[in-house]
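Reading through the C-alpha cells given below for one structure.
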Amino acid sequence: MGTVSAAEAAKFGAFAERWWDPEGPMRPLHRMNPLRTGWIADRVAAAGLAWAGLRLLDVGCGAGLAAEAFARRGASVTAIDASAEAIAAARLHAEQGGLAIDYRIAAPEDLAAEGARFDVVVALEVIEHVADRDAFLAALAALTRPGGRVFLSTLNRTARSFLLAKLGAEYLLRLLPVGTHDWRGFVTPAELARALRRAGLAVIDSAGMTMDPLTGAWRESRDLSVNYLIAARRG
C-alpha cells in the first residue's frame, strides 16, 4: 500500500475495539464529528448535490464515525481503511445500526486502479498520517468525478498546534493516547493548497475548528492555526 504507513495503521487498529466508546481514546473525534460532517453537508448542498444516492468515499474511515453520519443523510457510502481491525469494528457497528456501508480494507490507490469514481471524497484526520502526501492526494483526485468535491480535515503545523494538539491533548489533558500524532507530519493550509493544486484540485473553501478545553465542544471558526477543514473541487 504505497500511501499507507504500516506503523500508523497498526497504531489506530489498536484502538478499534473502543473506537465507538464516546469516552474512549477516540473521544475528541466523537465530539468533533458533528461539526466536520455538518460543514461538509452544508457545502455538498451548496454545490447542488442531493444526498439521496450521492456516491461518497470515506478514506481512512477508522471504525466509521463519519461514514455512518453520511450514510444516515442518504448517501451511498464506500469507506476504506488500511486497518483490518478498524474495518471489522466498523462493519459490526454498521450492522448493529442497520446501515448498509461498503467497508473495505484498502488504500485509495487500490480503488483508483479499479477505476472507481465518486461524487464526494472525504479524508478526515488522515493526511497527517500517510506515507506519501502527494501520492495520497493524487489518488483522491483520481477517485473524484469531474466537478466532484474533496474534503479534508487535518492539523496545522504551528507552535500553537504543538502546544495544544500534541503536548496539551496527549500529555496534559490526556484527550488522546500519547503518540497519536507526530507534529512533523502536520500540514499548513498553504502547503495543502499547493499539494491539492498539483493533484488537479482547486481549493474552494476552508474553516478552522476550535475546541473549548473546558467543555470539549467544537465550533467553526476563522482560526486555522490548529485544526482546520478544507474543501476542493476537481475540474
Applying a strict under-4.5 Å side-chain criterion to I, L, V, M, F, W and Y, I'd like to know whether V203 and V59 cluster together.
yes
For E85, all residues meeting side chain to side chain contact (heavy atoms under 4.5 Å, CB included), sequence neighbours excluded:
A16, S83
M209 side chain near W39 side chain, heavy-atom distance below 4.5 Å
no
Tell me the salt bridge (Lys or Arg N to Asp or Glu O under 4.0 Å) pairs involving residues 183-193, sequence neighbours left out?
R157-E191, D182-R184
Test log, rule salt bridge (charged side-chain N to carboxylate O under 4.0 Å, His left out), inputs E23 and R18
CA-CA 9 Å; E23 298 303 321; R18 295 194 63 204; over 6 Å; no
Write out all pairs satisfying salt bridge (Lys or Arg N to Asp or Glu O under 4.0 Å) with one or both partners inside residues 198-214, taking only residues at least two apart or from two chains.
R43-D205, D134-R198
Determine whether V150 and L57 fall in the same hydrophobic cluster, where Ile, Leu, Val, Met, Phe, Trp and Tyr are linked whenever their side-chain heavy atoms lie under 4.5 Å apart.
yes
Between side-chain atoms of residues 136-149 and protein atoms elsewhere (two or more places apart, or another chain), which donor-acceptor pairs fall under 3.5 Å?
from : atom 1 : to   : atom 2 : distance (Å)
T144 : OG1    : L140 : O      : 2.8
R145 : NE     : D119 : OD1    : 2.6
R149 : NH1    : G147 : O      : 2.8

Check for me, please, whether V126 and I87 land in the same ILVMFWY cluster - side-chain distances under 4.5 Å, paths through other members count.
no
May I ask you to test the R133-V187 pair for a side-chain heavy-atom distance under 4.5 Å?
yes
Applying side chain to side chain contact (heavy atoms under 4.5 Å, CB included), name anything that partners A202, two or more places apart in sequence or on another chain.
none
Of the non-hydrogen atoms in A207 and L224, which two are nearest, and what is the gap between them?
C-CD1, 3.8 Å
For R222, enumerate each residue passing the side chain to side chain contact (heavy atoms under 4.5 Å, CB included) test, keeping only those at least two apart in sequence or located in another chain.
none
Is there a path from L155 to L192 through hydrophobic residues (I, L, V, M, F, W, Y) whose side chains come within less than 4.5 Å of each other?
no
With sequence neighbours excluded, residues passing side-chain hydrogen bond (donor to acceptor under 3.5 Å, both in side chains) with N156:
none
In chain order, what residues pass the side-chain hydrogen bond (donor to acceptor under 3.5 Å, both in side chains) check against S221, with sequence neighbours excluded?
T210
Write down the atom of G2, the atom of D132, and the distance for their closest heavy-atom approach.
O-CB, 4.3 Å
Kindly indicate, with the supporting measurements, whether the criterion side-chain contact (heavy atoms from CB on, under 4.5 Å) is fulfilled by W20 and H30.
CA-CA 8 Å; W20 280 96; H30 279 267; 4.2 Å; yes
Across all chains, not counting sequence neighbours, the side-chain hydrogen bond (donor to acceptor under 3.5 Å, both in side chains) partners of E125 are R36, S153
Could you tell me whether E17 atom CD has more than 12 heavy atoms of other residues or ligands within 6.0 Å of it?
no
Minimum-distance pair of heavy atoms, taken over all atoms of S225 and T158:
O-OG1, 2.7 Å
With Y103 via ring-ring contact (aromatic ring centres under 6.0 Å, His included) - residues at least two apart:
none
For residues 65-80, which side-chain N or O atoms pair as donor and acceptor with protein atoms under 3.5 Å away, sequence neighbours left out?
from : atom 1 : to  : atom 2 : distance (Å)
E68  : OE1    : H93 : ND1    : 3.3
E68  : OE2    : H93 : ND1    : 2.7
E68  : OE2    : A94 : N      : 3.4

Run through L229, V120, T37 and flag the one making a side chain to side chain contact (heavy atoms under 4.5 Å, CB included) with F151.
V120
A side-chain contact here means heavy atoms from C-beta on lying under 4.5 Å apart; do R234 and V121 qualify?
no
Please tell me if the side chains of W51 and L54 come closer than 4.5 Å, counting only heavy atoms from C-beta onward.
yes
Scan for ring-ring contact (aromatic ring centres under 6.0 Å, His included) pairs involving residues 209-235, sequence neighbours excluded, and state none if there are none.
none
When hydrophobic residues are tied together by side-chain contacts of less than 4.5 Å, even through go-betweens, does I101 share a cluster with L111?
no
Test log, rule side-chain contact (heavy atoms from CB on, under 4.5 Å), inputs R27 and R31
CA-CA 6 Å; R27 179 175 57 171; R31 297 185 177 184; 3.8 Å; yes
Looking at OG1 of T154 and CD1 of I230, how far apart are the two atoms once the value is rounded to the nearest 0.5 Å?
10.0 Å
Check step by step if side-chain contact (heavy atoms from CB on, under 4.5 Å) holds for I40 and L124.
CA-CA 11 Å; I40 291 168; L124 307 178; 3.9 Å; yes
Can you name the nearest heavy-atom pair linking T3 to A107, along with the distance?
OG1-CB, 4.2 Å
